[in-house]
Amino acid sequence: RPVVTRPEAQVIDMTSRSNTLADREIVPSEQTFGFLGLGMMGSTIVKDLIYTGHKVVVWNRTIDKCQPFAEAGAEVKDTPMDVVEAADIIFCCVSDPKGAKDLVFGNCGVLQLKDLNNKAYVEMSTIDPDTSLDIGEGIKQCNGRYLEAQIHGSRQEAADGMLIILAGGDRSMFEECHSCFKTIAKNTFFLGNIGNACKVNLILQTILGVSLVGLAEALALADRFSISLNDIIDILDLTSMKSTMLLAKGKEMAKGDFNPQQPLSHMQRDLRLVLNMAENLDQSMPVTSITNEVFKHTKRLGYSEHDSSAVFVRSRF
Ligand code: NA7
């Protein structure tokens, strides 16, 4: 079993802006935007929202992470409920469905306000359609409006303002969030009812997860033959199989550089959500099931916080 060190914590540089923002004409909405969750994705998004002139109110469970945003002009609140009181449109971007539900239904959560007075709640955390329906129902019962806006892309794509937004739910909110989405994403899609965007996001994650495991196994075999992994990637680049993702992840595997662009724990969470969805439909997904097992095992080896490409380490055993 290899010695595993945690990847270095990434630091948000409040002074650097995504290059693409210079080319985009963004007229910031006059509304006040709340933001719950300042992890890697949340921080990167909020940084650019502040930069493009949006008025932002933030909260994070670990309060220290709010400090740079306070210095950059955001208002910091003590609880999610306080953020909702102070904002018109509230974004949530936390690790998983449980965290997303806690922030809405939990202690000091959004619904403690009882009457949301037409405020708009946008769920950006990666969640399954059932969780999204539950959250949407809770928000609407308290006179709020709800949009799921799943963010598809890596941390680097977030930093470059090149995410893809997949949205479902309240169409008017989709329009109201336009200046925020234009700040952080290269494309936005409105996919209809609540749940649709979650489904599409998880389907894309299935393609990604299965592809990564295939790539890792193939490169591990090359390694056993002592064939240079860089040669394989160079040749792959000349074939019709090449893709930005396969080439980038292949290079990371060859270098053993697993700096988390998308943490392995998030990839495995997504595959778990996919398999739960499939289970409810009696949809057979044998390859995805095995892919999930491979990621689960890699997690057990200590690679949760590394990039999903660390799945290569397991394949080499
Ligand atoms: P990170 O960098 O792992 O950050 C996770 C964030 O979620 C961070 O702010 C956490 O707060 C927060 N979190 C996690 N669980 C909870 C609970 N139970 N309550 C409140 N806050 C919580 O993830 P990313 O930023 O890369 O990704 C976030 C989402 O965007 C994820 O769903 C991706 O798929 C898309 P902490 O700072 O630890 O106190």
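Whatever order the structure lists ligands and atoms in, that order sets their numbers, starting from 1.
- Counting heavy atoms closer than 4.0 Å to ligand 1, residue D270 contributes nothing at all.
- Judged by distance alone, the side chains of D82 and T79 do bring a donor and an acceptor atom under 3.5 Å apart.
- Here's the thing with C93: none of its N/O atoms is less than 3.5 angstrom from an N/O atom of ligand 1.
- Nearest-heavy-atom check against atom 39 (O) of ligand 1 across T62, D102, L103 picks out T62.
- Within the 4.5 Å cutoff, the side chain of E305 has heavy atoms near those of the P7 side chain.
- Nearest non-hydrogen protein atom to atom 26 (O) of ligand 1 is R155 NH2, 3.0 Å.
- Using modelled atom types and a 3.5 Å distance limit, the side chains of T62 and D64 yield no donor-acceptor pair.
- Side chains of S154 and Q262: no donor on one and acceptor on the other come within 3.5 Å.
- Looking at D96 next to ligand 1, no N or O pair under 3.5 Å apart turns up.
- The shortest N or O to N or O distance between W59 and ligand 1 is not below 3.5 Å.
- Using the six-membered ring where Trp is involved, Y146 and Y121 have ring planes that are parallel, under 30° apart on the 30 and 60° scheme.
- In this structure the side chain of L212 reaches within 4.5 angstrom of the side chain of M253, judged on heavy atoms.
- Side-chain contact between V313 and Y303 is present, with at least one heavy-atom pair separated by less than 4.5 Å.
- Counting heavy atoms closer than 4.0 Å to ligand 1, residue K98 contributes nothing at all.
- Distances from atom 23 (O) of ligand 1 to the heavy atoms of M41, E305, H266 put H266 nearest.
- A donor and an acceptor atom, one from each side chain of R145 and S172, are located under 3.5 Å apart.
- Inspection of the N230 and S228 side chains reveals no N or O donor paired with an N or O acceptor under 3.5 Å.
- Checking only distances, R61 does come within under 3.5 Å of ligand 1, N or O to N or O.
- Of the listed options S95, P263, A158, S95 places a heavy atom closest to atom 7 (O) of ligand 1.
- Using cut-offs of 30° and 60° on the angle between ring planes, the pair F181 and F174 is tilted.
- When each atom of ligand 1 is checked for a heavy atom of L38 under 4.0 Å away, the hits are 9 (O).
- Side chain to side chain, K296 and Q268 fail the donor-acceptor criterion of an N or O pair below 3.5 Å.
- Close contacts between ligand 1 and G99 involve ligand atoms 17 (C), 18 (N) [criterion: under 4.0 Å to a heavy atom].
- Applying the 4.0 Å criterion to heavy atoms of T126 picks out, from ligand 1, the atoms 32 (O), 33 (C), 34 (O), 35 (C).
- Taking atom 4 (O) of ligand 1 as the reference point, the nearest protein heavy-atom neighbour is G39 CA, 3.3 Å.
- Heavy atoms of R269 found under 4.0 angstrom from ligand 1 belong exclusively to the side chain.
- For I151, no nitrogen or oxygen atom sits less than 3.5 Å from a nitrogen or oxygen atom of ligand 1, counting backbone and side chain alike.
- Under a 4.0 Å criterion applied to the non-hydrogen atoms of K65, ligand 1 contributes the atoms 36 (P), 37 (O), 38 (O).
- The protein heavy-atom contact nearest to atom 9 (O) of ligand 1 is N60 OD1, 2.7 Å.
- By heavy-atom distance, the residue among M267, M40, Q261 lying nearest atom 2 (O) of ligand 1 is M40.
- For atom 31 (C) of ligand 1, the nearest protein heavy atom (residue, atom name, distance) is V94 O, 3.4 Å.
- The side-chain heavy atoms of F295 and E293, taken from C-beta on, include no pair separated by under 4.5 Å.
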